[in-house]
Amino acid sequence: QVQLVESGGGLVQPGGSLTLSCVASGFTYDYYAIGWFRQAPGKEREGVSCIFGSDGSTYYADSVKGRFTVSRAKVKNTVYLQMNNLTPEDTAIYYCATGGYGLTPEVYDYWGQGTQVTVSS
């Protein structure tokens with residue numbers, strides 16, 4: 001059974017940093033990509049970043065390039081999203097997902113429950 005569990009969200013001031021974690025189980029990570037997505041109130045879910053298990057290649061949405069970094073700890077079956085220089089526009093529920101690839105939410109099959117990130121002074 002595929003399971004994804006996110007953690008690390010919280011309240012942070014503008015310009016601050018957070019690191020989200022996604023612990024995966026029930027599948028062989030080496031063969032799949034894990035994507036990070038976010039959904040703000042009243043907005044559609046959007047892709048943030050993606051990392052491929054096969055070679056570790058990464059992709060980012062333009063809105064987060066240079067500020068967010070996705071990485072993995074294969075031994076722990078965990079993917080991280082390091083978020084720096086956060087702005088109020090980054091406020092959203094953040095999800096990790098697998099079973100797909102790239103930054104399009106509709107192609108992913110399995111989703112975590114999400115973790116709230118709020119950027120506010």
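Throughout, numbering of the chain's residues begins at 1 and tracks the sequence. Here the structure is a predicted model, which is why all the values come from computation and not from measurement.
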(request) Flag yes if V23 and I51 sit in one hydrophobic cluster, no otherwise; membership is Ile, Leu, Val, Met, Phe, Trp, Tyr, and two members link when side-chain heavy atoms are under 4.5 Å apart. (result) no

(message) Using the side-chain contact (heavy atoms from CB on, under 4.5 Å) criterion, which residues pair with K43? Sequence neighbours excluded.
(response) A40

(message) Would you compute the distance between atom CD1 of I93 and atom CD of Q116 and round it to the nearest 0.5 angstrom?
(response) 5.0 Å

(message) Checking the side chain of T91 only, and the main-chain atoms of V119 only, is there a donor and an acceptor separated by less than 3.5 Å?
(response) yes

(request) Please report the shortest heavy-atom distance between D109 and G99, naming the atom on each side. (result) OD2-O, 3.3 Å

(message) Could you check, using the six-membered ring where one of them is a Trp, whether F37 and W111 have ring centers closer than 6.0 angstrom?
(response) yes

(request) Give a yes-or-no answer on whether the side chains of T87 and E89 include a donor-acceptor pair shorter than 3.5 Å. (result) yes

(request) Without swapping roles, check the side chain of N85 against the backbone of R67 for a donor-acceptor pair under 3.5 Å. (result) no

(message) Once rounded to the nearest 0.5 Å, what's the spacing between atom CG of L18 and atom CZ of F68?
(response) 9.0 Å

(request) Indicate, with yes or no, if W36 and V2 share a hydrophobic cluster defined by side-chain heavy-atom contacts under 4.5 Å among Ile, Leu, Val, Met, Phe, Trp and Tyr. (result) yes

(message) Taking the side chain as everything from C-beta on, heavy atoms only, tell me whether L4 gets closer than 4.5 Å to T98.
(response) yes

(message) Contact between T115 and S7 at the side-chain level, heavy atoms closer than 4.5 Å - yes or no?
(response) no

(request) Answer whether the closest heavy-atom distance between the side chains of L11 and S120 falls below 4.5 Å. (result) yes

(message) Test of understanding: clusters of I, L, V, M, F, W, Y form through side-chain heavy atoms closer than 4.5 Å, transitively. Do Y32 and Y108 belong to the same one?
(response) no

(request) Give a yes or no on whether V117 and Y95 share a hydrophobic cluster (residues Ile, Leu, Val, Met, Phe, Trp, Tyr; joining criterion: side-chain heavy atoms under 4.5 Å apart). (result) no

(request) Enter the distance from S25:OG to Q3:CD here, rounded to the nearest 0.5 Å. (result) 4.5 Å

(message) Side chains of Q82 and T19 only: does a donor on one sit below 3.5 Å from an acceptor on the other?
(response) yes

(message) Looking at Y80, I'd like to know if the NZ or CZ of R72 sits under 6.0 Å from its six-membered ring centre while staying within 45 degrees of the ring's axis.
(response) no

(request) Tell me whether L81 is reachable from L103 by hopping between hydrophobic residues (I, L, V, M, F, W, Y) whose side-chain heavy atoms are closer than 4.5 Å. (result) no

(message) To the closest 0.5 Å, what do you measure between CZ (R45) and OH (Y94)?
(response) 13.0 Å

(request) If the plane angle is over 60° it's perpendicular, under 30° parallel, otherwise tilted; pick one for Y59 and F52. (result) perpendicular

(request) Inspect the surroundings of OH in Y60 and state if more than 12 heavy atoms from other residues, nucleotides or ligands are less than 6.0 Å away. (result) yes

(request) Could you pull out the closest heavy-atom pair between S21 and T78, with the gap in Å? (result) CB-CG2, 4.2 Å

(request) Look only at the side chain of E6 and the backbone of G114, and say whether a donor-acceptor pair between them is shorter than 3.5 Å. (result) yes

(message) Rounded to the nearest 0.5 Å, what separates atom CD in E44 from atom CZ in R38?
(response) 14.0 Å

(request) Could you tell me whether a side-chain N or O of S17 sits under 3.5 Å from a main-chain N or O of N84, the two making a donor and an acceptor? (result) no

(request) Sequence neighbours left out, what passes disulfide (SG to SG under 2.5 Å) with C50? Give chain and number order. (result) none

